[in-house]
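Some notes on the structure that comes next.
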Amino acid sequence: MKLATWNVNSLKVRLPHVLQWLTDNPVDVLCLQETKTVDDKFPTAELEAAGYQAVFCGQKTYNGVAILSRHPIADVVKNNPLFEDDHQRVIAATIDGIRVICVYIPNGQAVGSEKFSYKMNWLKALHDWVKSECAQYPQLALLGDYNIAPEDRDVHDPAAWAGQIHVSEPERAAFRDLLALDLKDAFRLFDQPEKLYSWWDYRQMAFRRNMGLRIDHILLSPALAARCTACVIDKLPRKREQPSDHAPVVATLD
DNA sequence: ATGGCGGTGTAACACCGA
């Protein structure tokens with residue numbers, strides 16, 4: 001069983017990349033963020049032809065999330081029931097006995113800004129909802145674009161980023177609050193190469209220079225962490241023409 | 001310090017992402 005997450009930065013533009021990646025990596029479940037696609041325009045047929053069912057909630061221009069699956073999808077929840085939100089940032093479903101929660105956590109723009117307050121409030125509500133989901137579903141995975149680099153080793157230049165958005169102490173504390181629900185960062189269950197990131201700016205040749213952040217994560221409940229045998233970041237799609245600025249993250253379960 | 005790049009909506013640039 002393989003679970004993956006990928007911020008595609010427009011599914012319309014990136015559909016060929018997604019289909020190619022699924023051909024090369026026939027994972028069981030792929031969570032997508034930033035689809036930027038309204039539900040009427042979601043490419044259901046193309047994904048079905050590739051062997052994937054999909055559930056999704058999207059909007060124009062911004063946000064939008066989806067879960068693609070090779071297996072039947074049940075008990076779909078769109079958005080956090082504990083948080084009133086115009087944005088389409090959460091979708092959850094049960095697949096093969098696993099509660100899969102796909103999240104696109106707000107960017108936050110700048111520490112102290114209005115959007116930062118929104119991000120922090122959003123994270124608090126996510127914590128409270130995931131807590132109740134964990135109580136209900138022992139096998140739970142929380143996957144997505146967190147827009148938080150949990151530790152300095154997840155940052156290419158910690159000194160330059162110190163205190164900035166994605167690495168600030170309040171954001172990292174919110175990430176630790178999620179871990180305190182007894183969730184494990186799948187990537188850190190294993191020895192990993194140094195300086196491995198999941199996002200690189202389009203500018204300044206950041207990818208070529210590996211100026212990245214690890215902000216896309218897969219958190220696993222104890223029952224799933226015990227089944228997890230690998231977690232990798234696939235940099236290959238970032239090297240292709242017209243890539244997303246994020247790389248997929250994949251967790252393998254027994 | 002600022003903007004760099006890229007997607008979107010909309011028809012020249014503004015907004016947003018991270």
Side-chain angles (χ1 to χ4, degrees), chain A residues 5-19 21 31-43 56-66 85-90 102-123 126 143-172 174-175 187 195-217 233 235 237-249:
Chain A
T5 181
W6 194 5
N7 179 323
V8 289
N9 186 18
S10 168
L11 184 54
K12 181 181 164 194
V13 172
R14 229 67 66 190
L15 182 60
H17 292 65
V18 171
L19 294 172
W21 191 79
C31 295
L32 301 178
Q33 302 86 36
E34 281 208 88
T35 58
K36 300 184 178 178
T37 304
V38 295
D39 293 353
D40 289 348
K41 301 230 172 106
F42 197 89
F56 40 84
C57 56
Q59 65 186 88
K60 221 181 340 189
T61 313
Y62 306 120
N63 312 311
V65 285
D85 199 355
D86 297 334
H87 298 185
Q88 301 297 316
R89 294 180 177 275
V90 177
C102 169
V103 293
Y104 175 45
I105 293 176
N107 173 303
Q109 196 174 52
V111 175
S113 68
E114 227 169 88
K115 285 176 183 171
F116 185 75
S117 303
Y118 167 70
K119 180 177 193 172
M120 297 313 299
N121 292 333
W122 200 99
L123 280 161
L126 177 70
L143 310 88
D145 176 359
Y146 285 63
N147 274 314
I148 300 171
E151 301 176 43
D152 278 353
R153 60 178 166 164
D154 302 312
V155 180
H156 70 93
D157 185 346
W161 278 90
Q164 301 297 307
I165 195 70
H166 307 302
V167 310
S168 74
E169 187 45 37
E171 292 167 88
R172 286 179 166 176
F175 188 85
F187 186 78
K195 303 182 189 305
L196 191 43
Y197 310 118
S198 68
W199 170 86
W200 304 261
D201 201 301
Y202 284 121
R203 297 163 289 190
Q204 297 179 295
M205 294 192 293
F207 181 68
R208 205 173 298 214
R209 299 159 70 190
N210 199 29
M211 297 167 62
L213 303 175
R214 192 176 71 92
I215 55 175
D216 300 87
H217 309 296
I233 298 173
K235 289 171 72 169
R238 189 64 176 78
K239 298 174 183 172
R240 296 191 202 278
E241 286 296 310
Q242 205 178 11
S244 167
D245 43 356
H246 293 253
V249 185

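Order of the sequence lines sets the chain letters (A, B, ...), proteins ahead of strands, with each chain counted from 1.
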For A:Trp199 and A:Trp161, take the angle between the two ring planes, folded into 0 to 90°, and tell me which bin it lands in: parallel under 30, tilted 30 to 60, perpendicular over 60. perpendicular
Please report the distance separating the P of B:dA1 from the corresponding atom of B:dA14, rounded so that it comes out in whole Å. 23 Å
Starting from the C-alpha separation in whole Å, work towards a yes-or-no answer on salt bridge (charged side-chain N to carboxylate O under 4.0 Å, His left out) for A:Arg172 and A:Asp152. CA-CA 10 Å; A:Arg172 286 179 166 176; A:Asp152 278 353; 3.0 Å; yes
Phosphate-side-chain proximity, A:Gln242 and B:dG7, N/O vs OP1/OP2 below 4.0 Å: yes
Nearest-Å distance once atom C1' is located in both B:dC15 and B:dA11: 16 Å
Give the intermediate values and the outcome of side chain to side chain contact (heavy atoms under 4.5 Å, CB included) for residues A:Arg238 and A:Ser244. CA-CA 6 Å; A:Arg238 189 64 176 78; A:Ser244 167; over 6 Å; no
Look at all strands and tell whether A:Asp216 reaches a base, only sugar-phosphate, or nothing, counting heavy atoms closer than 4.0 Å. nothing
With sequence neighbours excluded, what pairs up with A:Asp245 under the salt bridge (charged side-chain N to carboxylate O under 4.0 Å, His left out) test? none
It should be established whether A:Ser10 places a side-chain nitrogen or oxygen under 4.0 Å from OP1 or OP2 of nucleotide B:dT8. yes
Out of the candidates A:Trp122, A:Phe175, A:Phe187, only one should pair with A:Tyr146 under the ring-ring contact (aromatic ring centres under 6.0 Å, His included) rule; please name it. A:Phe175
Of A:His166 and A:Asn9, the one whose nearest nucleotide on DNA chain B sits closer to the 5' end is A:Asn9
Residue A:Asn147, side-chain heavy atoms: nucleotide from B:dA18, B:dG6, B:dG9 that is nearest: B:dA18
So does A:Lys115 get a side-chain nitrogen or oxygen closer than 4.0 Å to the phosphate oxygens (OP1/OP2) of B:dG17? yes
note: A:Tyr118, atom OH; B:dA18, atom P; distance rounded to Å ~ 12 Å
Restricting to salt bridge (charged side-chain N to carboxylate O under 4.0 Å, His left out), what partner residues turn up for A:Asp154, sequence neighbours left out? A:Arg188, A:Arg214
Rounded P spacing from B:dC13 to B:dG4 in Å: 14 Å
Every protein N/O lying under 3.5 Å from an N/O of nucleotides 2-4 of chain B:
unit_1, atom_1, unit_2, atom_2, d
B:dG4, N1, A:Arg203, NH1, 2.8
B:dG4, N2, A:Arg203, NH1, 3.1
B:dG4, N3, A:Arg203, NH1, 3.3

Taking for each residue the nucleotide of DNA chain B with the nearest heavy atom, is it A:Arg89 or A:Val13 whose nucleotide lies nearer the 5' end? A:Val13
Between B:dA18 and A:Asn7, is there an OP1 or OP2 to side-chain N/O distance shorter than 4.0 Å? yes
Tell whether A:Asn107 reaches the base of B:dA18 with its side chain through a donor-acceptor pair below 3.5 angstrom. yes
